[in-house]
K.L.:
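Please find one structure pasted underneath; my questions will follow.
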Amino acid sequence: MKLAEFGLILAGVLLNAAAQLLLKAGVRQIGEFSFTTANLLPVGGQLATNLPIIGGLSCYVVSVVVWILALSRVEVSVAYPMLSIGYIVNAALAWWLFGEAVGPQRLLGIAVIIVGVILVARSA
């Protein structure tokens, strides 16, 4: 895999991870809610006007464009497993930004993912 191809994949993964983190930040501001007809307008309005949620959705849109560019250059059987890098990024940043727990079992899982991503990248 060429560096430019890996760069596109990584950009898509990081945009996707940023989207997840922004969505989480947005719903933390709004708080827990239920999808009911009574909540449709009030919660829908909060979601539609929440800047982190808007930013997260924007990151998703851009990540799709970047991902399409990556898929035009890299086999999907190589590119798709690279999405696992997002698990690593999200776990680390969720721990740092939101104080989410990252225990030994989760760390072991992340280590397995890292090994898998390296093996897939080297096979290309």
Side-chain angles (χ1 to χ4, degrees):
M1 180 181 323
K2 296 175 187 166
L3 186 59
E5 296 166 346
F6 183 73
L8 279 173
I9 291 171
L10 188 60
V13 167
L14 293 177
L15 281 164
N16 195 298
Q20 288 295 322
L21 294 165
L22 284 165
L23 292 176
K24 177 64 176 180
V27 296
R28 283 177 60 143
Q29 289 177 357
I30 293 168
E32 189 174 321
F33 59 89
S34 300
F35 281 113
T36 64
T37 10
N39 278 345
L40 187 61
L41 288 178
V43 172
Q46 286 181 306
L47 292 171
T49 58
N50 183 281
L51 289 180
I53 298 231
I54 293 167
L57 293 174
S58 300
C59 283
Y60 270 135
V61 170
V62 176
S63 78
V64 168
V65 173
V66 171
W67 191 249
I68 290 170
L69 285 169
L71 289 178
S72 74
R73 293 162 172 78
V74 180
E75 295 176 6
V76 73
S77 62
V78 173
Y80 190 73
M82 297 296 167
L83 288 174
S84 299
I85 296 168
Y87 295 131
I88 300 160
V89 172
N90 273 328
L93 290 176
W95 169 78
W96 184 57
L97 295 171
F98 305 126
E100 293 186 7
V102 182
Q105 188 170 356
R106 199 170 295 177
L107 288 172
L108 179 61
I110 290 170
V112 170
I113 290 169
I114 291 169
V115 170
V117 168
I118 290 169
L119 290 173
V120 170
R122 295 191 74 181
S123 74

K.L.:
Examine Phe6 and Val76 and state if one hydrophobic cluster contains both, with Ile, Leu, Val, Met, Phe, Trp and Tyr joined whenever side-chain heavy atoms are less than 4.5 Å apart.
P.N.:
yes

K.L.:
Rounded to the nearest 0.5 Å, what's the gap from CG on Leu97 to CG on Leu21? Could you check?
P.N.:
6.0 Å

K.L.:
So which heavy atom on Leu15 is nearest to which on Cys59, and how close?
P.N.:
O-CB, 3.5 Å

K.L.:
Is Glu75 atom CD crowded by more than 12 heavy atoms from other residues, nucleotides or ligands, each under 6.0 Å away?
P.N.:
no

K.L.:
Identify the two heavy atoms, one from Ala19 and one from Gly56, that lie closest to each other, and give their separation to 0.1 Å.
P.N.:
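Closest pair (atom of Ala19, atom of Gly56, distance): CB-O, 3.2 Å.
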
K.L.:
Roughly how far, to the nearest 0.5 Å, is the CG atom of Leu71 from the OH atom of Tyr80?
P.N.:
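The OH atom of Tyr80 sits 11.0 Å away from the CG atom of Leu71.
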
K.L.:
Considering non-hydrogen atoms only, spot the tightest contact between Ala91 and Ile110 and give its length.
P.N.:
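So the minimum-distance heavy-atom pair works out to CB-CD1, 3.5 Å.
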
K.L.:
Between atom CD1 of Ile68 and atom CG of Leu8, what is the distance when rounded to the nearest 0.5 Å?
P.N.:
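Rounded to the nearest 0.5 Å, the CD1-CG separation comes to 12.0 Å.
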
K.L.:
Quick check on the hydrophobic clustering: are Val117 and Leu14 connected, directly or via other members, by side-chain heavy-atom contacts under 4.5 Å?
P.N.:
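Yes: a chain of side-chain contacts under 4.5 Å links Val117 to Leu14.
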
K.L.:
Ile88 and Leu22: same hydrophobic cluster, using ILVMFWY side-chain contacts below 4.5 Å?
P.N.:
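Looking at the clustering, Leu22 is in a separate group from Ile88.
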
K.L.:
Say whether Leu41 and Phe35 are linked into one hydrophobic cluster, either directly or through other cluster members, by side-chain heavy-atom distances under 4.5 angstrom.
P.N.:
no

K.L.:
Do Ile114 and Leu107 share a hydrophobic cluster (ILVMFWY, side-chain heavy atoms under 4.5 Å, transitive)?
P.N.:
yes

K.L.:
Kindly give the heavy-atom pair with the smallest separation between Trp95 and Glu100, and that separation in Å.
P.N.:
CD1-O, 3.3 Å

K.L.:
Kindly give the heavy-atom pair with the smallest separation between Ala17 and Val89, and that separation in Å.
P.N.:
CB-CG1, 3.8 Å

K.L.:
Any heavy-atom pair between the side chains of Glu5 and Met82 that's under 4.5 Å?
P.N.:
no

K.L.:
OH of Tyr87: more than 12 outside heavy atoms within 6.0 angstrom?
P.N.:
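Atom OH in Tyr87 is not packed in, count stays at 12 or less.
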
K.L.:
For side-chain contact (heavy atoms from CB on, under 4.5 Å), just list the numbers for Phe33 and Leu47, CA-CA rounded to whole Å, side-chain angles, deciding distance to a tenth of an Å, and then say yes or no.
P.N.:
CA-CA 11 Å; Phe33 59 89; Leu47 292 171; 4.1 Å; yes

K.L.:
Grab the two heavy atoms, one from Val78 and one from Val120, that are nearest each other, plus how far apart they are.
P.N.:
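Closest approach of Val78 to Val120: O-CG1, 3.7 Å.
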
K.L.:
Do the non-hydrogen side-chain atoms of Ile9 and Trp67 ever get within less than 4.5 Å of each other?
P.N.:
yes

K.L.:
How many angstroms lie between atom CD1 of Ile54 and atom CG of Leu23, to the nearest 0.5 angstrom?
P.N.:
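It comes to 11.0 Å.
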
K.L.:
Quick check for you: to the nearest 0.5 Å, what is the distance between Leu93 atom CG and Gln20 atom CD?
P.N.:
12.0 Å

K.L.:
How far does CG of Leu10 sit from CD1 of Ile85, to the nearest 0.5 angstrom?
P.N.:
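The distance works out to 6.0 Å.
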
